[in-house]
Amino acid sequence: MSDVRASRIVEVEEAAAAVKDGMTIAIGGFINSGHPMAIVRQLIKDGRKDLTVVGAASSGLETDLLIAAGVASHVISPYVGAEGFAGIGPAFRKAGQDGLIDIFELDEAHFYAGLRASAQRVPYNPWKAGVGTDLPKVNPWLKEYRDPINDELLIAVPAINIDVAFLHAAVSDIYGNVQHNGTRYGDISMYNAATKTYVSVEKVVSPERIKADPLRTSIPGATGIIRAPYGSHPYSADGYYVPDAEHINTYLAAATSWLKTGDRAELDAYIAEFITGPADHADYLERIGIRALLSLNEF
């Protein structure tokens, strides 16, 4: 038996190939930070269908884009939008109104309770929030019951089981030991609930750098690591770049046109230009342009 540790560096195509039609995937990150967009674009290029998409507690427009491209048929997320850019994702709203997707209605507390149940390998987690509201009526998967200890009315939140989680972080070594900058709580929760986890990173660093500050390691041994500088574009990566507001608004205009008119021409043109058209992540970055990328200074 070899004592040599195997590298976990993979190409984005290999990471996306772990997903089959009908699976449940998770997309990590927060509104404008740390989204695995290089992987999201590859899933669309690969023509994946009928996926259940578990968005972050505050999903950005990556979930909206997966809906717009016809990849997502089910969505589990407390929120899909982009705050200062869009109160609600236009494709999410359009598909929800037209019955093109199933939406698992829940709040953020239920979301993390469901992920925790999956991590603990139990069928559900009990929660108090939502008792006496219409949430169990809107979402029959949230079930009120009386606990056998105190006879207290609670809500049983079913486990959110994830086949493959996709995350974006600052750095990793070649062995899959990942370190985030900034917020990481949601990503860690998805990792704990998932069977496999692939993480795109801004930079692959030496194992010695990871070992020098082990308390910063947030994902200890991801399934695969993808080298993806600017891999969160058009969203931000803490410590590297801010959101590309111009590009985000370009997508929003195209998706909003579909929402308001029912005409997908602008949206399909955006997908062709920036998703299915580029040969790979580097080609995508070339279409964005070096000057545009270098203008995204964090300070």
Heavy-atom pair with the smallest gap, counting every atom of [X] and [Y]:
X	Y	value
P278	D283	CA-OD2, 3.2 Å
S232	A237	CB-CB, 4.5 Å
Y79	G87	OH-O, 2.7 Å
V138	E105	CG1-CG, 3.6 Å
A228	A38	CB-CB, 4.5 Å
D46	A16	OD2-CB, 3.5 Å

Would you say [atom1] of [X] has more than 12 non-hydrogen atoms from neighbouring residues, nucleotides or ligands within 6.0 angstrom?
X	atom1	result
R121	CZ	yes
R287	CZ	yes
R93	CZ	no
E11	CD	no
E246	CD	no

- request: Walk me through it: do Y235 and L61 pass the test side chain to side chain contact (heavy atoms under 4.5 Å, CB included)?
  value: CA-CA 9 Å; Y235 309 105; L61 293 173; 2.8 Å; yes
request  = Check step by step if salt bridge (Lys or Arg N to Asp or Glu O under 4.0 Å) holds for R184 and D187.
outcome  = CA-CA 5 Å; R184 65 193 71 185; D187 281 6; over 6 Å; no
Check I225, L167, N177 against I219 for a side-chain contact (heavy atoms from CB on, under 4.5 Å) and give me the one that passes.
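Only one of I225, L167, N177 forms a side-chain contact (heavy atoms from CB on, under 4.5 Å) with I219, namely L167.
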Side chains of [X] and [Y]: donor-acceptor distance under 3.5 Å anywhere?
X	Y	result
S118	N161	yes
N125	Q120	yes
E202	Y241	yes

Evaluate the side chain to side chain contact (heavy atoms under 4.5 Å, CB included) criterion for residues V201 and V171: first the C-alpha distance (whole Å), next the side-chain angles of each, then the deciding distance (0.1 Å), finally the verdict. CA-CA 5 Å; V201 295; V171 300; 5.6 Å; no
Can you name the one residue among D173, T217, D213 that meets side chain to side chain donor-acceptor pair (under 3.5 Å) with Q179?
->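 Option passing the side chain to side chain donor-acceptor pair (under 3.5 Å) with Q179: T217.
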Taking side chain as C-beta onward, heavy atoms only, is [X] less than 4.5 Å from [Y]?
X	Y	value
L65	I275	yes
N192	L115	no
R41	H281	yes
L296	H233	yes
I248	P243	yes

Find out if a path of hydrophobic residues (ILVMFWY) with successive side-chain heavy-atom gaps under 4.5 Å connects I162 to V75.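 No, I162 does not connect to V75 through the hydrophobic network.
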Could you please spell out the steps behind the salt bridge (Lys or Arg N to Asp or Glu O under 4.0 Å) verdict for E152 and K128? CA-CA 9 Å; E152 183 179 10; K128 289 185 177 181; 3.2 Å; yes
- Query: Which pairs with one or both residues in residues 172-193 pass ring pair (Phe, Tyr, Trp, His ring centres under 6.0 Å), sequence neighbours excluded?
  - Reply: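 Sorted result for residues 172-193: Y112-Y185.
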- Query: Which residues pass the ring pair (Phe, Tyr, Trp, His ring centres under 6.0 Å) test with F274, sequence neighbours left out?
  - Reply: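 F274 satisfies ring pair (Phe, Tyr, Trp, His ring centres under 6.0 Å) with H247, Y270 once adjacent residues are dropped.
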Using the side-chain hydrogen bond (donor to acceptor under 3.5 Å, both in side chains) rule, collect all pairs that involve residues 64-75, keeping only residues at least two apart or in two chains.
->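 Listed by first then second residue: D50-S73, D64-Y251, H74-D102.
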